[in-house]
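Here the structure comes first, spelled out in structure tokens, and everything after it is commentary.
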Amino acid sequence: MTYSPLHLCLLFSSALFCIGLIGALARSNTILVLLGVELMLNAANLNFIAFWRYGPPTAPGTGVIFVIFAIAVAAAEAAVGLALVIAVYRHHRSIRLQDANQLKG
Amino acid sequence: MIPLLLIAGLTLATAAVALALRNLIHSALLLIASWAGIAAFYLWAGAEFVAFAQVLVYVGAVSMVVLFAVLLTRRSRDDISVAIDSPARGIAALLTGGAVLGVLFGAVISSPLGAPAAGARPSLSVKELGLQLMGPHAAALLIVGVLLTVALLGAVVIAAGDRTDAAERKPEGNP
Amino acid sequence: MNAALLFATTGSVLETLPVTLRDLVTGWLPEPLRWLVNSLVGVGTLLAVIGLLFAYLTLAERKILGRIQNRPGPNRTPIPFINLRFFGLAQPFADGVKAITKEDVVPDGADKVLHFLAPVALLAFSIMTLGVIPYGRHLVLLEFDAAVLYFFAAGAATELAVFMAGWASRNKYSLLAAMRALAQLISYELPLLLSVVPAVMLAGSLALPAIVEAQGGWSYGFLPQWHVFTPWGFAGFIIFFISALAESNRSPFDLPEAESELIAGHLTEYSGFKYALFFMAEYFGMCALSGMGVTLFLGGWQAPLPFLEFIPSYVWFGVKLLSLLLVFIWIRATFPRLRMDQLTRFAWKFLVPLALINLGTAAFWSLTAGWSGPLQFVRWAVALALVLVPFTLLGRRLSAGVAPRTYRYAT
Amino acid sequence: MNPELLTPGGANVRAVHDAFHGDLLEVSMGPHHPSTHGVFRMIVTLDGERIVKLKPVFGYLHRNHEKLGETVSYLGSMPYTDRLDYLSAMTNNWAYAIAVEKLAGQPVPERAEYVRVILAELTRLLNHTCLAGFLMQDCGCSGTPLMYAFREREKILDLFESLSGSRMMCNYQRFGGCRVDPTPAWVDATRTLVGNYGAFLDEFEALLTGNEIIMARTQGVGVLSAALAINAGVTGPMLRATGVASDLRKSDAYGVYPRFQFRVPLGAHGDVYDRYMVRVLEMRESIRILEQALAGLPGGPIMDPKAKLRGFRPKAGEAYGRIEGPKGEIGFYLVSDGGPNPLRYRVRPPSFINLTVLEDMCLGQTVADAVIILGSVDIVLGEVDR
């Protein structure tokens, strides 16, 4: 079986995804968890570009457009997520996930 | 292939180190390097627009928000380091992550993806991209616009609304 | 493209002189190598020219500030060995020698790696932004389809360097400055980008040479069709220029290094050559933003009048660039500094809405491109109203509660 | 932000609360800081950019001035008073001379009184011009207004130099008159300067007073209430900016001031802008006084012929002499036991007393405001620390 560049790209993205996953699971600092989630999102974007570049031909630019939307949504997610982190910090004076385990502030 | 290996290596290394460090600022900066690496991958793959958008959004904007969040949530003046979390948690995370990695790697390696069609390097000029966005994807574009606006307003409300709340509550807690 | 063809198409030796010279030097090389050497020659020339511009810009700034402030400015440094003063023209080199030989102090407890990385990163990013600007008809180093995006992507990274410098110094002034820098740069990034969008819209391209080409030609035979001579273009240029002032930390937006409040802000703990690097990066950034402003709004390398077209394009670009830089210096000598909250309020409550409305104005302008005769007047009137009415209303709101006062006297 | 938190008590509660959570940044501004006007130090506690606590620290320039005054003769203190507020040596001299003259019952000839008024008003011009320049520098004008102000200051200093031999440390007043008689040429030069000063003020004001950034930076910033100002003993332009009509030139009517027509400008808001404007308007009144004084300068001796300089021993008693200096009420309190030295020598330094309300003006403002509020107080550390 031959390995194409696509394989390499996919391995790259799955490794990145797992690093993000481990980070998000292992750390209890909310900011780091958010950053881990961002990395996982980025890994998904990598796949879109890889398939757009090497995959079977589709409608022009589908992968690229998907990534552009994903980046826009990720930016919104980061903004809201970090605003939440700041809000949580103001209530609990901590950004450890364990400390923010109540629904009421 | 060599550039790809280089980019992948640097990206993965910075990402891994970033998530393992104690110093939050170093983490954030290394992660920014990692995002830049991903942008380099896009550039290498020929998706110029996406690469620059990635830099603009992640290195330019998200990083700033992250750094702001780190600075605003410091527990004491100079200390931004985070205690290493419980080893059990780390081991569990490593096991889960390792398992997912194994599954993914196995799936990727065992799947016959086939060689890319020779000379069929897709390219997408900015103009075509714009036409695509405004044509078939116009609805999605509008929705993203609304989403971004809502997110912006929401972030402002969450971050700012709490502040006055906190200021009002403060005197009660003190004699 | 070979030199002869270029010669034929432009009909001007001077115009193609840089390209001809380059081909004379590298023409004998085999094709793949020639591309590499050509790029290196281009980068080297750019760095040399901008470096020299930086050196004399610092001198010009000090001289002009001096003139405005009733003092001579630096005029003592003689040229070595011949002892000729020449208005202090050797000053930049003396400054350079001083900067290199000065002790490099790194504070105890500073984040040493970041402290070192910050000036290097800042300089690298600001040099990167210089690459895409079309300095002349044939003088573009990097031709990207999405050049505008590249420019602002590389520019956005400079914010990080400022933050790194402020944070790594482990100094309270620097930290305050880092926070200020973040807030300021984020606030002004938005109007900067929004002010650029209309120019991109009208040209229908993100490539800078195409944007310059779109501004070619003359209306009525003499008025250049630069964007700045349209209502939306003028408003866009002003918004761009103000945001550029803020993005390059220049007065009146020099809050991150406000010397009367924060000593030198993020530069407080820098000395010697690292400080010089910061200084250099700041000027490079200023040059890059001015160059961008010239390209997007002032017609790039286009000549201002038809009969002046025989002067090569890069000269026109240089003239425009220098005049913009002069305005930067002039403003520095004249304006007091804003306060942080006023700075952000100015961006969010004035520049951003204005830039958004300007987007609509530009859309109207491009949709009505076919109108002629009396409709032309309607077009101008509507566009002017779209620019001026929000400007007046927003401006009035912005300066509410601020007014000259009258005073009473006790006799 | 809740306004009641910004009152001193509320701010303290808040500071304690926040300090507990380690959220505050304590910044030491000075003694080596570009805009503390000398070796002054403010320990500022910041919540973000807001000031929740400000502790002034001074004494870096302490020179034992008051004790020194008790160990030298009455005349020996005169040069030391130059070094109190080194921008306004002439008024310091005059205040000290008035105190000693009161103590000794020493009359002053009319010509000397006129010269004293001329020099005091020139000093006021000099001081206020410099202050306006410094204040604009604190606002972030990169040197231009300061340089314009210094250009005019040099002209006044040239006059002082040609009269007294020294630019800043004039040592000019004596008990019972002045040290040197001004020549007609000096009077003419002064007349020229006064004639041109209005034009300079017009230029300065055209550049700065209506500037929107200056107005936005200074209006409503560092507000001082009239009640607090009176309670704290604040004097001079700072008090008048709060709307209190208090000018020793009017109320004490010392020297020959009652002979001149002039008005006392009053502020209404007590903010930095009012302090700046009151000073600018005061300069215009000073020009009027100067014109009248120069026109009416009488002949005659400059020193009382019966005045005694050597072996000067006033009879036992006490006296307090005060004048309206550029910065406020500058006063000297002297107790004599009949000996050659004062038994007790005490200075009432206006800028020190005006400085005591600094924290009250700064609370709730930003760091950038603290700098211009300090600038608007108009301090000279030589006088604060003595």
Side-chain angles (χ1 to χ4, degrees), chain A residues 1-2 4-12 14-23 25-29 31-32 35-36 38-39 42 45-46 49-50 52-54 57 59-61 64-65 67-69 71-80 82-87 89-91 94-95, chain B residues 1 4 8 11-12 15-16 19 24 27 31 35 38 41-42 45-47 49-50 53-54 57 61-62 65-66 69-70 72-73 82 85 89-90 93-94 96-97 100-101 104-105 108-109 112-116 120 122 124 128-129 132-133 137 140 144 147-148 151-152 154-155 158-159 162 166:
Chain A
M1 185 171 160
T2 54
S4 65
L6 184 54
H7 276 107
L8 210 55
C9 293
L10 293 182
L11 288 180
F12 174 24
S14 37
L16 197 64
F17 182 86
C18 288
I19 288 173
L21 182 67
I22 295 171
L25 288 178
R27 305 305 296 263
S28 64
N29 185 301
I31 295 177
L32 280 174
L35 291 180
E38 283 291 332
L39 267 187
N42 270 299
N45 287 351
L46 268 176
I49 294 293
W52 168 73
R53 173 76 174 78
Y54 293 110
V64 171
I65 285 165
V67 172
I68 287 170
F69 284 131
I71 286 178
V73 174
E77 176 243 318
V80 175
L82 291 163
L84 277 174
V85 169
I86 291 170
Y89 176 75
R90 289 229 163 93
H91 277 291
S94 162
I95 48 170
Chain B
M1 238 11 51
L4 175 60
T11 309
L12 293 176
L19 290 178
L24 268 184
S27 285
L31 215 66
W35 285 331
I38 295 169
F41 170 80
Y42 293 158
F49 189 88
V50 179
Q54 166 93 6
V57 171
V62 175
V65 184
V66 171
V70 171
L72 287 178
T73 56
V82 202
D85 304 304
R89 194 190 169 98
L94 272 177
T96 321
V100 174
L101 188 70
L104 283 177
F105 264 42
V108 168
I109 289 173
L113 289 163
L124 190 69
E128 286 167 44
L129 187 67
Q132 284 280 320
L133 278 178
H137 302 281
V144 165
L147 174 78
L148 283 176
L152 182 71
I158 291 169
D162 192 61

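Reminder, nothing fancy here: chain letters follow the sequence lines and each chain counts from 1. Predicted model only: the values in this text are computed from it and were never measured.
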How would you list, by chain and number, every residue that makes a ring pair (Phe, Tyr, Trp, His ring centres under 6.0 Å) with B/Y42, sequence neighbours excluded?
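Per chain and number, B/Y42 pairs via ring pair (Phe, Tyr, Trp, His ring centres under 6.0 Å) with no residue.
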State, to 0.1 Å, how close [X] and [Y] come at their nearest heavy-atom pair, and which atoms those are.
X: B/A69; Y: A/L82; result: CB-CD2, 3.7 Å
X: B/V108; Y: A/H7; result: O-CD2, 3.1 Å
X: B/V62; Y: A/A75; result: CG2-CA, 4.2 Å
X: B/L12; Y: A/I19; result: O-CD1, 3.6 Å
X: B/L104; Y: A/F17; result: CD1-CD2, 4.2 Å
X: B/L101; Y: A/A15; result: CD1-CA, 3.6 Å

Less than 4.5 Å to any heavy atom of chain A: does that hold for the side chain of B/V57, its backbone, both, or neither?
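Contact with chain A: side chain only.
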Between B/F105 and chain A, with a heavy-atom cut-off of 4.5 Å, which part of the residue counts as in contact: side chain, backbone, both or neither?
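Contact with chain A is through both the backbone and side chain of B/F105.
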Mind checking whether A/L8 and B/L4 have side chains closer than 4.5 Å, heavy atoms only?
yes
Side chains of A/V64 and B/F49: does their closest heavy-atom pair fall under 4.5 Å?
no
Residue selection (most heavy-atom pairs with chain B, distance under 4.5 Å) from A/L16, A/L21, A/I65
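Of the candidates given, the most pairs with chain B belong to A/I65.
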Assess the residue pair B/L19 and A/L39 against the criterion (side chain to side chain contact (heavy atoms under 4.5 Å, CB included)); give the C-alpha distance rounded to whole Å, side-chain angles, the decisive distance to 0.1 Å, and a yes or no.
CA-CA 10 Å; B/L19 290 178; A/L39 267 187; 3.9 Å; yes
Using side-chain contact (heavy atoms from CB on, under 4.5 Å) as the criterion, list what pairs up with A/V73, not counting sequence neighbours.
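Counting only residues at least two positions away or on another chain, A/V73 forms a side-chain contact (heavy atoms from CB on, under 4.5 Å) with B/L147.
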With a 4.5 Å cut-off on heavy-atom pairs, point out which of B/A16, B/S27, B/A140, B/A8 contacts chain A the most.
B/A8
To the closest 0.5 Å, what do you measure between CG (A/N42) and CD1 (B/I38)?
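Spacing of CG (A/N42) from CD1 (B/I38) equals 4.0 Å.
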Checking A/L35 against B/V66 for the side chain to side chain contact (heavy atoms under 4.5 Å, CB included) test, could you report, in this order, the C-alpha distance in whole Å, the side-chain angles of both residues, the deciding distance, and whether it holds?
CA-CA 8 Å; A/L35 291 180; B/V66 171; 3.7 Å; yes
Please report the C-alpha distance between A/I68 and B/V144 in whole Å, then the side-chain angles of each, then the deciding distance to 0.1 Å, and finally whether the side chain to side chain contact (heavy atoms under 4.5 Å, CB included) criterion is met.
CA-CA 10 Å; A/I68 287 170; B/V144 165; over 6 Å; no
